[in-house]
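A quick write-up on the structure given underneath.
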2 protein chains.
Amino acid sequence: MELQKETKLHGRWYDDACGTAFGLEVLGERWTMLVVRELMLGPRRFSGLRASLPGISAKVLTERLGTLEEAGVLTRRTLEEPAQVQVYELTEWGYAAEPVMQELGRWAAMSSGHDPMLPLSPVSLMLSLRTMFDRRKVEGLDFVIGFDIGGETFIATLGDGALPVVRGKAEAPTATIRAPNATVLAALFYAGVPVAELEREMGLVIEGDRAAAMRFADIFELPEKLA
Amino acid sequence: MELQKETKLHGRWYDDACGTAFGLEVLGERWTMLVVRELMLGPRRFSGLRASLPGISAKVLTERLGTLEEAGVLTRRTLEEPAQVQVYELTEWGYAAEPVMQELGRWAAMSSGHDPMLPLSPVSLMLSLRTMFDRRKVEGLDFVIGFDIGGETFIATLGDGALPVVRGKAEAPTATIRAPNATVLAALFYAGVPVAELEREMGLVIEGDRAAAMRFADIFELPEKLA
DNA sequence: CAGAATCCCATTCGATACTG
DNA sequence: CAGTATCGAATGGGATTCTG
C-alpha cells in the first residue's frame, strides 16, 4: 500500500514561483487545455468531450478530468431529475482561463504553419469567433445569430462591440446558420469561401435575415502573419 | 536509414484547426514555454538558459531549442567578434508570445495553490513586473529603476502608464535595486516583506532615490484569488 | 563550454477488453 | 453510457560519456 500520494498536479514538474510555470503545472499537460476549451461554453458529458477531442483515449480523458478537478479548475456534478447524468463543469477560476486560450490562439494564428482547414469542434469554432471578431467592423451592428453545428446549438449576440456566445436555441434570431460541421463555418468566416458554394456543396443553410448573416460573416479577421 | 522525417513539431499531437491547439503543438511540450520565457528579454547562451531552468537536462534543452528553431520561434546566431559565442534569440513571432505567458501567469496567480516564494529566475521576475503592475497606481510616476539580480542587470522604465524592461546597466537611474537572487525581490514586491528586514537579512541593497524605490515597490499587486 | 551520442529506466499513451 | 483494468509500445528524460 502506498503512503497516500500527496495532493499533486501530476507531480510538480517545475520548481518555479513564476506564474507561467504554475499555470503550466495545471494546464500544461498534453490534452489538458483542450479539455478546458471544450468546457468553456458550459457543462459537458464524458462522451461529448470524447467526441469533440478526436484522438483522446478514455483513459487519458479520465485522468485529465481527475487532475483538473483536484486542481480546482472543474467540478463533477450530477444533473437533477430526470436527467440523472453526470456532467463536468468549470469553476469560476476555470472559466477565467478563457483569455489564456484566446491569447494562445491569436498568437498561433500568426504563424503560416497554422492550418485553419483541419477538423474543428463546434465549441472551438464558437470560441474563435469571440477571439477573432474585429471590433472596428461591428460599430452599430446589433444581431442575434443562432447556430446549429451538427446538432449542437449556440447563440451569438452581437452588440455594444461585444460578442457573447452561449449554448442554446435562439428564440427570435436575426438569422440562423446551420452546417453539418464546424469546418464549413471556418471556411465561411476565415477562408472567405463564397456562401453560395458552401450552400451548394457543403450543406450550409442560412435562414432568416440573409443580408445580416452575410454581414456577420464578414466581421472576422485572422491576425497578420509574423511567421 | 530513415526516410527523411517530415518537418514536424514533435509529431503533430492534435489534429485540430483551433488556434489554441496549434499553439500547444508549438509551445505545449514540457519546458518549452519556460525556455521561451527565458529568452523574452533578449538573447541567451546555452549555459545561461540551463542555469535559469533548474531541473532541465542538457538533452531536453537541446531538443527544445531545436524544435523551437524549426517552428520559427527562435534563431541561432553567432555573436560578432571578438565574442564568437553562439546565442539563441527569439524571432518577431517568438517575442509576440509575451501576452500568452502574461495571461497564463495572471490566471495562475488567481489560485491559492500558487506559491510565490519558490525559486525564481531573474527574467521571470522582471517579466512578472510587467504583468502585475497596477496601472492606476503609476499615474504621473516617472522612474528609471536599475536592477542587479545576482549579477544580471536590467532597466525598468516607468512612464506613460507603461513599464518596458530591457537588459543592461542604467546610465543615470532614479534608483538601483540589488539582490542576490530574484526571490528576495518577490518578497519585496509581492509578499510585502519590509524593506529593512530584506536589507538586514537577505542582502537587498537600495541605492539612489530611496523614496522612489519604495514607491516603485508598491505598485505591484497580485490578482484576486478565485480559487 | 556547447552540445551530440548512447544507454537505460520510468512514465505515458493508445488499444482493447471488461463492467455496472 | 461512463468509465476501469490491463498490457504492449513508444516516448521521455536523467546520467554519463565524448568531442571540438
Side-chain angles (χ1 to χ4, degrees), chain A residues 2 5-6 8-16 21 24-25 27-35 38-39 43-70 74-79 81-89 151, chain B residues 1-2 5-6 8-16 21 24-25 27-35 38-39 43-70 74-79 82-89 151:
Chain A
E2 291 187 32
K5 47 179 90 170
E6 25 182 330
K8 55 170 185 184
L9 322 162
H10 64 70
R12 190 125 267 148
W13 280 343
Y14 316 112
D15 187 37
D16 195 321
L24 292 169
E25 307 258 8
L27 297 181
E29 210 169 7
R30 199 179 158 189
W31 289 112
T32 300
M33 208 180 294
L34 300 186
V35 172
E38 288 302 317
L39 293 171
R44 308 281 304 268
R45 302 177 56 173
F46 191 92
S47 54
L49 291 170
R50 221 184 148 185
S52 292
L53 296 169
I56 199 172
S57 67
K59 176 184 179 174
V60 171
L61 180 54
T62 302
E63 286 171 358
R64 297 298 182 271
L65 290 169
T67 307
L68 286 168
E69 185 178 19
E70 279 182 55
L74 59 78
T75 56
R76 198 177 298 251
R77 187 159 64 87
T78 302
L79 252 42
E81 299 287 352
Q84 274 289 34
V85 298
Q86 185 164 260
V87 294
Y88 299 87
E89 181 168 26
Chain B
M1 172 186 171
E2 291 187 30
K5 47 179 87 171
E6 27 182 328
K8 57 173 181 181
L9 322 162
H10 64 72
R12 190 124 266 148
W13 281 344
Y14 316 113
D15 186 37
D16 196 319
L24 291 169
E25 306 261 7
L27 297 181
E29 210 169 6
R30 200 178 157 189
W31 290 112
T32 300
M33 208 180 292
L34 300 186
V35 172
E38 288 302 318
L39 293 170
R44 308 281 303 269
R45 302 180 54 176
F46 190 91
S47 53
L49 291 171
R50 227 190 140 180
S52 292
L53 296 169
I56 199 172
S57 67
K59 176 183 181 177
V60 171
L61 180 54
T62 302
E63 286 172 358
R64 296 300 182 273
L65 290 170
T67 307
L68 285 168
E69 185 178 20
E70 279 182 54
L74 60 79
T75 55
R76 199 177 298 251
R77 187 158 64 86
T78 302
L79 251 42
Q84 275 288 33
V85 299
Q86 184 163 262
V87 294
Y88 299 88
E89 181 168 26

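Side-chain atoms are counted along with the backbone in the values below, which use heavy atoms only and exclude waters and symmetry mates. Just so it is clear, the structure is predicted and the values come from calculations on it, not from any experiment. By convention in this document, chain letters (A, B, ...) are assigned in the order of the sequence lines, proteins followed by strands, and residues within each chain are numbered from 1.
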Quiz item: About how many Å separate CE of B/M33 and CG of B/L68, when rounded to the nearest 0.5 Å?
Solution: 10.5 Å
Exercise. Establish, with yes or no, whether the OP1 or OP2 oxygen of C/dA2 is under 4.0 angstrom from a side-chain nitrogen or oxygen of B/S47.
Key: yes
Quiz item: Quick one: is A/Q86 getting a side-chain N or O under 4.0 Å of the D/dG3 phosphate, OP1 or OP2?
Solution: yes
Atom-pair distance ([atom1] on [X]; [atom2] on [N]), nearest Å:
| X | N | atom1 | atom2 | answer |
| --- | --- | --- | --- | --- |
| B/W13 | C/dT12 | CH2 | P | 13 Å |
| A/R50 | C/dT16 | CZ | C1' | 11 Å |
| B/L49 | C/dA2 | CG | P | 10 Å |
| A/F46 | D/dC1 | CZ | C1' | 10 Å |
| B/L61 | D/dG12 | CG | C1' | 15 Å |

Quiz item: Is the backbone of A/A58 close enough, under 3.5 Å, to the side chain of A/T62 for a donor and an acceptor to pair up by distance?
Solution: yes
Quiz item: What is the per-nucleotide protein-contact pattern of nucleotides 13-20 of chain D, from the 5' end, where B denotes a base atom under 4.0 Å from a protein heavy atom, S denotes such proximity for sugar-phosphate atoms only, and - denotes neither?
Solution: BB------
Quiz item: Only one of A/R44, A/R77, A/R76 clears side chain to side chain donor-acceptor pair (under 3.5 Å) with A/E89; which?
Solution: A/R77
Quiz item: Can you find a heavy atom in the side chain of B/E63 that is under 4.5 Å from one in the side chain of B/W31?
Solution: no
Quiz prompt | Min side-chain heavy-atom separation B/T67-B/T32 under 4.5 Å | solution = no
Quiz item: Looking only at heavy atoms, which two atoms of A/E25 and A/Y14 are closest? And how far apart?
Solution: OE2-O, 2.8 Å
